[in-house]
Amino acid sequence: MAGYFKKMYHSISTVLTGLGVTIKYGINPKTEVTQQYPEVKREPPDGFRGKLFVDINICTGCTACARICPVDAITLKTVRDENKKLRPVLFDIDNARCIYCGLCVEACPVDNCLYFEKKYEFSAYSKQDLISHFGLGEVKPAESKTEDKKTEAEKEGKEAAQ
Amino acid sequence: MTKADEKFMQVNMGPQHPSTHGVLRLLVTTDGEVLSGVKPYIGYLHRALEKIAERVTYPQFTPFTDRLDYLASMNCNLAYAMTVEKLLNIEVPRRAQILRVIMAELNRISSHLIAFGSFSSDMGAFTPFLFGIREREFINDLFEIACGARLTYNYIRIGGVSKDIPGGFIEKTREFLDYFPAKIKEYNELLSYNAIFIKRLANIAVISPDDAFDYGITGPNLRASGIKWDLRREEPYLIYNELDFDVPVGKGEMGKTGDAWDRYMMRIYEMEQSAKIVRQCLDLLAPGDYTAKVSKVLKPPAGEVYVRAENPRGELGFYLISDGSTKPYRLKIRAPSFANLSIIPKLARGVMIADLIAIIGSMDIILPEIDR
């Protein structure tokens, strides 16, 4: 009989000790740790791996990032322009495929060309919208050359006329 | 179906059952409330990681190891990095080694916090889960400032770590270590020594040392059975041989040695030890290189290696065969949870259905590692 009550006392006392811990948190507002997310937004620290961004104007088109990517999230197409320089005409990053591992950023030989933004909210309604396009766009080198020639020819013609 | 079979009922537990820690399906044969057999069906999370390894280069596979045991990504990164380093004979700088130990131990704490929290919520106590998550958030913040990610870190690389820790990391880690012991005391008050909790777990699913050996159980589950086996002690890697820490062993404080309560308590003890290790490492941290010089294209010589490391859930092993090219010829992953899961059919014979939850929870299995 004494054992029965002893057990009962033990059970109730341990439960009350546990309750004491929770009550301590319940009545002390300073112990609150949650953030009210949509209203209060958290500022990520430096070096946060958010959305990828490419400064396409300084991109050399070396395709190091596309080659290192383990999930083939980067589609990169380059064309040689008139100065024999590689021009990244197509630079698509599929954010749905990207696993934010950071290998491409480390592989990029140009400083501040490919880097992670602190942006972490970029959900979209369709998968297509998740692809970010950075490419400079297709410029037909032949066409531009003819244009150049035309202007030159015009200049020459004008000079001749004068 | 014979007449004798008719009294049994077959029920599926999972794959979406909240206490199966992922997508584990258990085909349960019951006779009323008593189980007569349990058969785990796995593979719902299969992503063919071993096959992917044959298609990507050595550095490219590191992010995939994050997804083996996502609660302890650092430890998985570490084991893989050590495997390739052994093949390539890379000497890792001392600072990188210390950083690796810090990250691995912090991740062990965070993994055990989830084990503690999810186990308690399986057992019907929800508050400890929130407490565990709260402390884990602190560690996640530390990892975020170190490497920029909160879950899939990809921090420990072949040759060292991906970048040096930023200023303020050490101070914040110390702050956490000062704050953490009080919280462990709270967990014990709240849950560990609660009479109901003990009554629920003591003498349930006892794993004898012989069974533990037969089934290849490792990690805290093995130590709970009273066997002092910790790879950090027995086969020290990195700088573990310089560090002073204890290997907690199950003593059967509340019942038989190797019962569910012992397995639960191992994790609480290990968190204390890990905090002790991190504190020592922070004192040892001296300026230096954070990574060895590793060429961009890795071409290890032909050969094979097996490297194992102590993960929060047991021994994670990588068996790697190289044919001298830039991609692995074969990568076999020895997942600790797989071995730990294999004993569940044996343990769950003749127990109540409610105890099955306790068994799965106390083994602390994780499915992505089993299915991989």
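A quick note: this is a predicted structure, and the numbers were derived from the prediction, not measured. Residue numbers start from 1 in every chain, and the chains themselves are labelled A, B, ... in the order their sequence lines are given, proteins ahead of strands.
- Within a 6.0 Å radius of OH in A:Y4, no more than 12 heavy atoms belonging to other residues, nucleotides or ligands are found.
- In plain terms, the two heavy atoms of A:C101 and B:R157 that are nearest each other are O-NH2, 3.7 Å.
- Neither the backbone nor the side chain of B:F197 has a heavy atom closer than 4.5 Å to any heavy atom of chain A.
- Atoms OG1 and CZ, from A:T22 and B:F131 in turn, are 6.5 Å apart once rounded to the nearest 0.5 Å.
- In this structure, B:R134 satisfies the cation-pi test against A:Y25, with its NZ or CZ atom closer than 6.0 Å to the six-membered ring centre and inside 45 degrees of the ring normal.
- Proximity to chain A is limited to the side chain of B:I196, based on heavy atoms less than 4.5 angstrom apart.
- For CG of A:N28, the number of neighbouring non-hydrogen atoms (other residues, nucleotides, ligands) closer than 6.0 Å is greater than 12.
- When the shell of 6.0 Å around NZ of B:K183 is examined, it contains more than 12 heavy atoms from other residues, nucleotides or ligands.
- In this structure, CD1 on B:I198 lies 5.5 Å from NE2 on A:H10, to the nearest 0.5 angstrom.
- Per-residue counts of heavy-atom pairs under 4.5 Å with chain B were compared for A:A107, A:G102, A:C69, A:G50; the largest is that of A:C69.
- With rounding to the nearest 0.5 angstrom, the CG atom of B:N154 is 7.5 Å from the CD1 atom of A:I99.
- No more than 12 heavy atoms of other residues, nucleotides or ligands lie within 6.0 Å of NZ in B:K172, so this atom counts as exposed by the packing criterion.
- A:R49 and B:C147 get closest at one heavy-atom pair: NH1-O, 3.1 Å.
- Among the candidates A:G18, A:P45, A:S13, the residue making the largest number of heavy-atom pairs closer than 4.5 Å to chain B is A:P45.
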| Does the pair B:K163 and A:E106 meet the rule for a salt bridge (Lys or Arg N to Asp or Glu O under 4.0 Å), with working shown? | CA-CA 10 Å; B:K163 56 182 176 185; A:E106 283 160 36; over 6 Å; no
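- Of the two parts of A:V33, only the side chain, counted from C-beta on, holds a non-hydrogen atom closer than 4.5 Å to a non-hydrogen atom of chain B.
- A donor-acceptor contact shorter than 3.5 Å is absent between the side chain of A:T17 and the backbone of B:E189.
- The contact list for residues 46-67 of chain B toward chain A, using heavy atoms and a distance under 4.5 Å, reads B:V56, B:P59, B:Q60, B:P63, B:F64, B:R67 by residue number.
- By the side chain to side chain contact (heavy atoms under 4.5 Å, CB included) test, B:T291 is found to be paired with no residue, residues two or more places apart in sequence or in another chain being considered.
- Atom CG of B:L190 is separated from atom OG1 of A:T14 by 11.0 Å, given to the nearest 0.5 angstrom.
- Heavy-atom neighbours of chain B within the stretch residues 51-60 of chain A, taken at a separation under 4.5 angstrom, are nonexistent.
- A 6.0 Å sphere centred on OH of B:Y179 holds more than 12 heavy atoms belonging to other residues, nucleotides or ligands.
- Only the side chain of A:R42 comes within less than 4.5 Å of a heavy atom of chain B; its backbone N, CA, C and O stay farther away.
- Residue-level contacts of residues 118-134 of chain A with chain B do not occur; threshold 4.5 Å between heavy atoms.
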